[in-house]
Amino acid sequence: MTLDEVPEPVPGEGQVKVRVRAAALNFPDILMAQGTYQEKPPLPFTPGLELCGELENGQRVLGSPSGGPGAFAEYALMDADATWPVPEGMTDEQAAALYITYQTGHVGLHRRAGLQAGEWLLVHAGAGGVGTAAIQLGKAAGAKVIATAGGPRKTQVCTDMGADHVIDYAAEDFVARVKEITGGHGADVVYDPVGGDVFDGSTKCIAFEGRIVVVGFTSGRIPAARANHLLVKNYSVLGLHWGLYRSKDPGRIGMVHEDLTRLFADGLIDPLVGQTLPLDHAQTALAALGDRGTVGKVVLVP
């Protein structure tokens, strides 16, 4: 990955050019750079899946670049019908960090899992960008939130985000602790961006008619769901590829953005930006994200 001078992009039909004010990092940026993501852009490509940009008229908008990556640049193209107004009072950095993780969390918890007020929500990797969004959205929905994270710095972030209970998985067995905290009931909804052993453990502390939302595999191991175990314990495993909604159900993205704007205005969500760096730090920033050395979202500013 290198920082290069390239021609300014020229918008085509249905596109707008924006000046990038901030661009947020996501784990798929790493997978795309490695060539292991489900979407493989042709080389060479400019990474970056979400941004806060400024239109020629000065209006701030947020969303994804046209056709996939391209946010880690001074200018980017966006589809005109997929640019969303930045909520009033939100910083550029927060706006860049809002789109993918909060949309994913909202769709995952509400559309896929049907989270209800009073239910137990278990959020894994609670200190990251995906996790902090899920904690806040869970609390906004009236759920009782348990978060897992590794080490005192990250567990404190989960507490600050509003989690009712926080488990340090580096020091405790989260399966036993979830059962203890819930009085043996288990988690009604599990939000899992980690996979691997974390998914396996989640199947041991899931409630009757519970739902495990599979968001990703930052652990590096894709687990196998045992169909006989699902049957015996009567729980569901739900896949969540939020990007599919852009083609299969695009109207939902607008509805979710409206709800996120309301939640921000009401003080119920507040995107956590853990670090802001200049554009030429993209390589080291992605490495830190991959090593789980970050909290909240990491944002690049051209």
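As the structure is a prediction and not an experimental result, all values here were calculated from the model.
- Side chain of K233 to main chain of T203: a donor-acceptor pair is present (N/O by atom type, distance under 3.5 Å, no hydrogens or angles).
- In this model, no donor atom of one side chain and acceptor atom of the other lie less than 3.5 Å apart for Q116 and D188.
- A salt bridge does not link D79 to R246: none of the charged side-chain nitrogens sits closer than 4.0 Å to a carboxylate oxygen.
- Not less than 6.0 angstrom separates the ring centroid of H124 from the ring centroid of Y169.
- Side chains of C158 and Q156 form no contact here, defined as non-hydrogen atoms less than 4.5 Å apart.
- Between V189 and E119 there is a side-chain heavy-atom pair separated by less than 4.5 Å.
- Shown here is E172, whose CD atom has more than 12 heavy atoms of other residues, nucleotides or ligands within 6.0 Å.
- For N26 (side chain) and D29 (main-chain N/O), no donor-acceptor pair under 3.5 Å exists by modelled atom type.
- G70 and A76 make their closest contact through O-CB, 3.7 Å (heavy atoms, listed as atom of the first residue, atom of the second, distance).
- Formation of a donor-acceptor pair under 3.5 Å by the Q103 side chain with backbone atoms of V256 is not found in this model.
- Considering every non-hydrogen atom in both P87 and L62, the closest pair reads CD-CD2, 4.0 Å.
- For the atom pair L286 CG and F72 CZ, the distance stands at 5.5 Å (nearest 0.5 Å).
- Between the CZ atom in R177 and the SG atom in C205 there is a gap of 12.0 Å [rounded to 0.5 Å].
- Using bins of under 30°, 30° to 60° and over 60° for the plane-to-plane angle, the ring pair H257/W84 lands in the tilted bin.
- Note that OH of Y191 is 11.5 Å distant from CD1 of I135, once rounded to the nearest 0.5 Å.
- You'll find the side chain of P193 stays beyond 4.5 Å of the side chain of F27, heavy atoms only.
- Atom CG in L137 sits 9.5 Å away from atom CG in L115 (nearest 0.5 Å).
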Q) Would E50 and K297 satisfy side chain to side chain contact (heavy atoms under 4.5 Å, CB included), going step by step from the backbone distance to the final call? A) CA-CA 12 Å; E50 63 180 337; K297 293 280 279 198; 2.6 Å; yes
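- With R112 contributing its side chain and G239 its backbone, the two residues share a donor-acceptor pair below 3.5 Å.
- Atom CD of Q38 has more than 12 heavy atoms from other residues, nucleotides or ligands within 6.0 Å.
- In plain terms, the two heavy atoms of P65 and P69 that are nearest each other are CB-O, 3.8 Å.
- Note on residues 11-25: pairs passing salt bridge (charged side-chain N to carboxylate O under 4.0 Å, His left out), not counting sequence neighbours, are E8-K17, R19-E54, R21-E54, R21-D92.
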Q) Can you check side chain to side chain contact (heavy atoms under 4.5 Å, CB included) on V213 and D192, steps first, answer last? A) CA-CA 6 Å; V213 184; D192 179 19; over 6 Å; no
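- Electrostatic pairing of K204 and D200 does not count as a salt bridge here, judged by no charged N lying under 4.0 Å from a carboxylate O.
- Note that CG of D164 and CH2 of W120 are 7.0 Å apart. Values are rounded to the nearest 0.5 Å.
- Side-chain atoms of N57 come within 3.5 Å of backbone atoms of Q59 as a donor-acceptor pair (strictly under, hydrogens ignored).
- The closest side-chain heavy-atom distance from V145 to V123 is below 4.5 Å.
- For F264, there are no ring pair (Phe, Tyr, Trp, His ring centres under 6.0 Å) partners two or more places apart in sequence or in a different chain.
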Q: Take M32 and L49 through the side chain to side chain contact (heavy atoms under 4.5 Å, CB included) test and state the conclusion after the steps.
A: CA-CA 10 Å; M32 277 192 183; L49 296 171; 3.8 Å; yes
**Q.** Check against side chain to side chain contact (heavy atoms under 4.5 Å, CB included), S219 and R292
**A.** CA-CA 10 Å; S219 68; R292 301 193 198 179; 3.9 Å; yes
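- Smallest separation of non-hydrogen atoms from I181 and I146: CG2-CD1, 3.9 Å.
- Under a hydrophobic-cluster definition in which Ile, Leu, Val, Met, Phe, Trp and Tyr are linked whenever side-chain heavy atoms come within less than 4.5 Å, directly or via other members, L25 and L272 are assigned to the same cluster.
- Of the inter-residue distances, the one linking L300 atom CG with E93 atom CD reads 11.0 Å to the nearest 0.5 angstrom.
- Under a 4.0 Å N-O distance rule, the pair K154/D168 does not qualify as a salt bridge.
- Note: Y235 and H229 have perpendicular aromatic rings, judged against thresholds of 30 and 60 degrees for the angle between ring planes.
- Between E88 and R60 there is no salt bridge, since none of the side-chain N atoms of the basic residue sits less than 4.0 Å from a carboxylate O of the acidic one.
- Residues I100 and V214 fall into different hydrophobic clusters, defined by Ile, Leu, Val, Met, Phe, Trp and Tyr side chains chained together at heavy-atom separations under 4.5 Å.
- Summarising the geometry of L277 relative to A285, their closest heavy-atom pair is CD1-CB, 3.7 Å, with the distance given to 0.1 Å.
- For the pair V194 and A125, the tightest heavy-atom approach, listed with the atom from each and the gap, is CG2-CB, 3.8 Å.
- Between S64 and Y99 there is a side-chain heavy-atom pair separated by less than 4.5 Å.
- Shown are V301, V20, V86, L98; of these, the side chain to side chain contact (heavy atoms under 4.5 Å, CB included) with C52 is made only by V86.
- T83 has its side chain within reach of V16: a pair of non-hydrogen atoms, C-beta onward, lies under 4.5 Å apart.
- A continuous path of Ile, Leu, Val, Met, Phe, Trp and Tyr side chains, each step under 4.5 Å between heavy atoms, connects L121 with W242, placing both in one hydrophobic cluster.
- No hydrogens or angles considered: a donor-acceptor pair under 3.5 Å links the side chains of Q136 and Y102.
- No side-chain heavy atom of V178 sits under 4.5 Å from any side-chain heavy atom of V175.
- Under a hydrophobic-cluster definition in which Ile, Leu, Val, Met, Phe, Trp and Tyr are linked whenever side-chain heavy atoms come within less than 4.5 Å, directly or via other members, M161 and L263 are assigned to the same cluster.
- Linking ILVMFWY side-chain heavy atoms closer than 4.5 Å, directly or via other members, places I167 and I212 in a single hydrophobic cluster.
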